[in-house]
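One structure is given here, and the rest of the page talks about it.
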Amino acid sequence: MPELPEVETIRRDLEEKVRGKIIERVIIKNEKSVKVPSPREFIQKMERKVLDEIHRRGKYLIVGLDSEDALVLHLGMTGRLIYSKAGEEIDYSRVVFLLENDAQLSFTDIRGFGGLWFVPDERFEEVVPTLANLGPEPLETDFTLEKFKQLLKDKKGKIKTLLMDQSFIAGVGNVYAQEALFLSGIHPTRSPSSLLEGEIEKLYHNLLNVLREAISYRGSSIKSYVDLVGRQGNYEPHLRVYGRAGSNCPRCGHVIERMEVGGRGTYFCPRCQK
DNA sequence: CAATCGTCCTGCGGGC
DNA sequence: TGCCCGCAGGACGATT
């Protein structure tokens with residue numbers, strides 16, 4: 001499901017709803033979702049902890065616990081966090097946190113590509129190595145145009161694949177990579193080294209803008225994404241090309257096409273994107 | 001090393 | 001209507 005805007009929406013909701021609450025009980029319904037440590041130890045470590053500040057790094061959520069420990073979550077393709085009344089039966093829930101005041105936070109995941117990691121003592125690199133390998137946060141102020149140009153230097157492959165590479169930039173996935181390329185008039189299979197100065201500038205600004213805009217609409221609900229209380233995001237109707245094969249390009253009217261790039265469905269306007 | 005491909009899962013929707 | 005197939009917002013591990 002979730003790319004940076006969706007994960008950021010959930011992060012903000014978590015700050016509001018669960019920050020400061022005590023975890024009274026942890027119920028693991030599917031052990032596969034708990035990556036580290038063993039389910040028994042996970043429960044033992046998590047119970048009685050207080051959910052503290054909630055951070056986002058790329059598509060990861062990082063929940064500070066009291067002491068130096070943290071809970072790291074990744075939603076994969078179909079992961080959700082649902083906040084509800086304690087005891088409520090939530091479809092496909094895999095891990096349930098019963099909180100004080102009769103509340104519960106459920107991690108649900110149909111396809112099971114998501115996961116939870118308990119990280120002791122700020123040992124993120126050991127426990128969740130990919131978290132340590134993430135590229136820069138596109139919406140942080142230190143992610144400048146100059147830095148983007150530097151990162152693109154000497155890169156091989158296809159620009160769309162590169163944008164989705166989490167070690168290149170954190171948080172951009174299949175939807176927003178395509179939207180940014182469309183807005184910039186760049187074909188998804190272009191080689192990074194072929195991009196002109198002006199194209200790089202457009203791509204930089206459009207990528208940041210589309211991420212910010214999507215956050216302001218609380219993300220896109222293409223398939224299964226919903227926020228903490230089960231509401232869909234509102235950005236999907238504003239997507240320009242994603243999932244729109246056969247309909248008309250919002251800019252030139254040409255038919256939007258679909259192709260495979262790096263094994264992923266990719267939508268683009270063959271007239272606008274060169 | 002870096003780039004590509006198959007794989008992990010389950011549900012949904014389009015087409016026949 | 002019902003079945004089958006393709007497709008799905010991600011990322012890892014093996015392979016070249």
Side-chain angles (χ1 to χ4, degrees), chain A residues 1-10 29-36 56-61 72-81 91-94 107-117 127-135 138 151-182 188-193 207 210-211 214-215 217-227 232-247 257-267:
Chain A
M1 96 187 213
E3 302 183 31
L4 189 154
E6 291 77 32
V7 179
E8 177 62 20
T9 300
I10 293 173
K29 300 190 165 193
N30 189 325
E31 300 191 343
K32 281 192 180 160
S33 295
V34 177
K35 305 298 179 186
V36 174
R56 179 190 56 75
R57 182 78 175 91
K59 301 171 193 172
Y60 288 87
L61 284 165
V72 173
L73 301 101
H74 195 294
L75 301 173
M77 287 277 225
T78 53
R80 292 176 170 178
L81 283 170
D91 291 345
Y92 306 109
S93 70
R94 289 168 172 251
F107 173 76
T108 82
D109 194 0
I110 292 175
R111 292 174 71 183
F113 296 165
L116 287 72
W117 297 258
V127 179
V128 199
T130 47
L131 188 55
N133 270 334
L134 292 177
L151 284 174
L152 277 171
K153 241 181 179 308
D154 304 323
K155 284 293 188 303
K156 307 262 187 269
K158 297 167 180 152
I159 184 62
K160 188 215 162 198
T161 308
L162 186 61
L163 289 175
M164 291 174 62
D165 180 345
Q166 300 303 295
S167 66
F168 176 67
I169 299 176
V172 181
N174 201 28
V175 171
Y176 297 107
Q178 294 173 50
E179 293 295 307
L181 288 170
F182 169 77
T189 60
R190 283 275 296 280
S191 139
S193 60
L207 180 62
V210 78
L211 293 173
I215 291 172
Y217 281 89
R218 300 182 55 80
S220 308
S221 289
I222 290 159
K223 281 236 176 335
S224 61
Y225 169 76
V226 292
D227 68 13
Q232 298 201 335
N234 305 307
Y235 194 61
E236 198 274 341
H238 300 275
L239 295 172
R240 282 87 172 170
V241 287
Y242 183 84
R244 307 228 186 282
S247 57
E257 292 181 9
R258 179 189 185 279
M259 69 181 299
E260 292 244 329
V261 180
R264 310 296 301 275
T266 304
Y267 301 88

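The chains referred to below are lettered A, B, ... by the order of the sequence lines, with proteins before strands, and numbering in each begins at 1.
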Look at [X] and [N] and indicate whether a side-chain polar atom (N or O) is within less than 4.0 Å of OP1 or OP2.
X: A:Q166; N: C:dA11; answer: yes
X: A:H74; N: C:dG10; answer: no
X: A:Y92; N: B:dG11; answer: yes

Under 4.0 Å, counting only non-hydrogen atoms across every strand here, what does [X] touch: a base, just sugar-phosphate, or nothing?
X: A:Y176; value: nothing
X: A:G112; value: nothing
X: A:G262; value: nothing
X: A:T161; value: nothing

Can you tell me which nucleotide in [options] comes closest to the side chain of [X]?
X: A:F113; options: B:dC8, B:dG11, C:dA11; result: B:dC8
X: A:R258; options: C:dA8, B:dT10, C:dG10; result: C:dA8
X: A:P2; options: B:dT10, C:dA11, C:dG10; result: C:dG10
X: A:K32; options: C:dG10, B:dC9, B:dG11; result: B:dC9
X: A:T130; options: C:dG10, C:dA11, B:dA3; result: C:dA11
X: A:M164; options: C:dG10, C:dA11, B:dG11; result: C:dG10
X: A:R111; options: B:dG11, C:dA8, C:dA11; result: C:dA8

* Asked: Do the ring planes of A:Y242 and A:Y267 sit parallel (below 30°), tilted (30 to 60°) or perpendicular (above 60°)?
  ->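 Ring orientation of A:Y242 relative to A:Y267: perpendicular.
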* Please work out whether the ring planes of A:H238 and A:Y217 are parallel, tilted or perpendicular, with thresholds of 30° and 60°. =>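 The arrangement is tilted - the two ring planes meet at 30° to 60°.
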Would you mind reading off the distance between [X] atom [atom1] and [N] atom [atom2], rounded to a whole angstrom?
X: A:L75; N: B:dC9; atom1: CG; atom2: P; answer: 19 Å
X: A:L162; N: B:dA2; atom1: CG; atom2: C1'; answer: 12 Å
X: A:D109; N: C:dA8; atom1: CG; atom2: C1'; answer: 13 Å
X: A:L131; N: C:dG10; atom1: CG; atom2: C1'; answer: 15 Å
X: A:I110; N: C:dG10; atom1: CD1; atom2: C1'; answer: 15 Å
X: A:Y242; N: C:dG10; atom1: OH; atom2: C1'; answer: 12 Å
X: A:R244; N: C:dC7; atom1: CZ; atom2: P; answer: 19 Å
X: A:N174; N: C:dA8; atom1: CG; atom2: P; answer: 8 Å

* Polar side chain donor-acceptor pair, A:T266 to A:K160, under 3.5 angstrom ->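 Per modelled atom types, A:T266 and A:K160 side chains form a pair under 3.5 Å.
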* Residue pair A:S220 / A:Y176, side-chain donor-acceptor N/O under 3.5 Å -> yes
* Asked: Taking all atoms of both residues into account, what is the closest heavy-atom pair of A:R240 and A:R244, and its distance?
  ->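 Distance-wise, the nearest heavy atoms are O-CD, 3.9 Å.
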* Given the rule in the salt bridge (charged side-chain N to carboxylate O under 4.0 Å, His left out) test, do A:D227 and A:R218 qualify, once you have shown the distances and angles that lead to the verdict? -> CA-CA 8 Å; A:D227 68 13; A:R218 300 182 55 80; 2.8 Å; yes
* To do: Using the C1' atom on both, measure B:dC12 against C:dA11 and round to a whole Å.
  => 23 Å
* **Gap in Å between the two P atoms, one belonging to B:dC5 and one to C:dC7, rounded** =>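 Those two atoms are separated by 16 Å.
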* Partners passing salt bridge (charged side-chain N to carboxylate O under 4.0 Å, His left out) against A:K32 (at least two apart in sequence or in another chain) ->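 Counting only residues at least two positions away or on another chain, A:K32 forms no salt bridge (charged side-chain N to carboxylate O under 4.0 Å, His left out).
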* Asked: Are A:R258 and A:E260 close enough for a salt bridge, meaning some N to O gap below 4.0 Å?
  ->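 Yes, A:R258 and A:E260 are salt-bridged.
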* Candidates A:V127, A:N133, A:V128 - the one meeting side chain to side chain contact (heavy atoms under 4.5 Å, CB included) with A:L131 ->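 Per the side chain to side chain contact (heavy atoms under 4.5 Å, CB included) rule, the option paired with A:L131 is A:V128, out of A:V127, A:N133, A:V128.
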* To do: Map every base of DNA chain B to its dot-bracket character, where paired means a Watson-Crick or G-U wobble contact with both distances under 3.5 Å and | marks a partner outside the strand.
  => .|||||||.|||||||
